[in-house]
Amino acid sequence: MKKHSAKVAPVSSFSVSELHAAIIDDTSHSSVSRCLSGITYSNSCSSTRKKMCHMSSTEESSSPMFELESRSPLQRFECSRSNLVQSGSGGEGAQANTENTSENHEKSRCQSCTSTFLKIVWGFLIILSVSSSWVGTTQIVKITYKNFYCPFFMTWFSTNWNIMFFPVYYSGHLATAQQKQSLLQKIRECSRIFGEDGLTLKLFLKRTAPFSILWTLTNYLYLLALKKLTATDVSALFCCNKAFMFLLSWIVLKDKFMGVRIVATIMAITGIVMMAYADGFHGDSIIGVALAVGSASASALYKVLFKMFLGTANFGEAAHFFSTLGFFNLIFISCTPIILYFTKVEHWSSFSALPWGYLCGVAGLWLGE
């Protein structure tokens, strides 16, 4: 026993308690093997018979568990040591996987932050361009009114420019798309906004007529209000269309009710009343406020109906719809300025006397809105 411990101690670096436990396991294994073999030994058995019995019991217990338990304590130490080394390498692999996961998480977080920042910048630029276009349109209209006052003709002329939406979109498609489509293919694809059968005469009249009327009414009332009120007052009153949009979307689209928006709507209506009261409720002020509020209401109804019927439209389908709106205006609304011209309601001396520069400026800015 002393020789055995002397041989084991320098080989293994494990503790004495572990060696003692291994020897106990080996002893218990030999007893278990005897029980399993079904052979009882007497004290007077020879060593040869014990060896033969032990060999027969080992052959009967051929499972891996018994093979592992039949090893010597030294072999079991080496196996434990290799398992520890493998577990150490596994820990290093797990640590490397953890580091890779953290790096991927940091990269995805940086990408999400970058995309959010770009969205904010892009939204800010869109808001800035729309507001600049609206302010520019309002100021140019006020300048045009000094020498030329034909609000319906200006509305009709500006609406005709909507025809340019789809050509501009298709030009961008040809410039940027890798798989380019022909003009007819793109028109058929974008015509699905009107239905599976595309644009038919019935759908052209049914879907385009209400939106064309609301579009013309919104712009015409806005231009009339600019004659009665200042540009600042009209622009401020027109911003109330967001409150009207909330009320209409709550009623028509069944949007979620929010108390904060109701409070904002009440404050917007209160602001309308206060602005009308500031000028003393005289004739021009009341008419101007009514015209501006009517324009905002028509705009809100237009946007809610657009969301209701065409809310899932992509950019190409929206461009196709606006171009169709321009064609409808050119075909069916053109008779109205002609009637106004011959009835002297909106009359000008000659076409050369028209302020084409201002008219094109208003139409171009309105197109950008």
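These figures come from a predicted structure and were not determined experimentally.
Using modelled atom types, one side-chain atom of Ser115 and one backbone atom of Ser112 make a donor-acceptor pair closer than 3.5 Å. Between the side chain of Thr216 and the backbone N or O of Ile213, no donor-acceptor pair lies under 3.5 Å. A donor-acceptor contact shorter than 3.5 Å links the side chain of Ser235 to the backbone of Ala231.
When Phe153, Phe152, Phe342, Tyr341 are each tested for a ring-ring contact (aromatic ring centres under 6.0 Å, His included) with His347, only one passes: Tyr341.
Atom CZ of residue Phe211 and atom OG1 of residue Thr208 lie 8.5 Å apart, to the nearest 0.5 angstrom. Residue Glu346 holds its CD atom at 12.5 Å from CD1 of Ile338, rounded to the nearest 0.5 Å. Here CD1 of Ile187 is found 11.0 Å from CD of Gln185. Values are rounded to the nearest 0.5 Å. Atom-to-atom distance recorded for Met308:CE and Leu248:CG is 11.5 Å, nearest 0.5 angstrom.
Trp356 and Phe157 have their aromatic ring centers within a separation under 6.0 angstrom. In this structure, Phe148 has its ring center at least 6.0 angstrom away from the ring center of Tyr358. For an aromatic pair to be called close, the ring centres must be under 6.0 Å apart, and Phe238 with Trp134 satisfies this. Under the 6.0 Å cut-off for aromatic ring centres, Phe165 and Phe321 do not qualify, their centroids lying 6.0 Å or more apart.
When the side chains of ILVMFWY residues are joined at heavy-atom separations under 4.5 Å, either directly or via intervening members, Leu305 and Leu205 end up in a single hydrophobic cluster. A continuous path of ILVMFWY side-chain contacts below 4.5 Å connects Phe328 to Leu367, so both sit in one hydrophobic cluster.
The aromatic rings of Phe166 and Tyr169 lie tilted to each other, with the angle between the two planes from 30° to 60°.
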Tyr145 and Met154: CA distance, side-chain angles, deciding distance, side chain to side chain contact (heavy atoms under 4.5 Å, CB included) verdict: CA-CA 11 Å; Tyr145 277 173; Met154 295 173 64; 4.0 Å; yes
Residues Tyr220, Trp156; criterion ring-ring contact (aromatic ring centres under 6.0 Å, His included); working and verdict: CA-CA 9 Å; Tyr220 181 61; Trp156 173 82; over 10 Å; no
Steps toward side chain to side chain contact (heavy atoms under 4.5 Å, CB included) verdict (Tyr149, Lys227): CA-CA 9 Å; Tyr149 180 69; Lys227 186 66 175 179; 3.6 Å; yes
Derivation and outcome, side chain to side chain contact (heavy atoms under 4.5 Å, CB included), residues Thr200 and Phe194: CA-CA 8 Å; Thr200 60; Phe194 295 98; over 6 Å; no
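Lys303 NZ: more than 12 foreign heavy atoms inside a 6.0 Å radius. Counting non-hydrogen atoms of other residues, nucleotides and ligands closer than 6.0 Å to CZ of Phe204 gives a total above 12. Atom NZ of Lys142 is surrounded by more than 12 heavy atoms from other residues, nucleotides or ligands within 6.0 Å. Crowding of Lys202 atom NZ: a count of heavy atoms from other residues, nucleotides or ligands under 6.0 Å not exceeding 12.
With hydrogens and angles left out, the side-chain atoms of Thr230 and Thr232 include no donor and acceptor closer than 3.5 Å.
Minimum heavy-atom separation, Ser212 to Ile333: OG-CG1, 4.2 Å. The heavy-atom pair separating Thr137 from Trp366 by the smallest distance is OG1-N, 3.9 Å.
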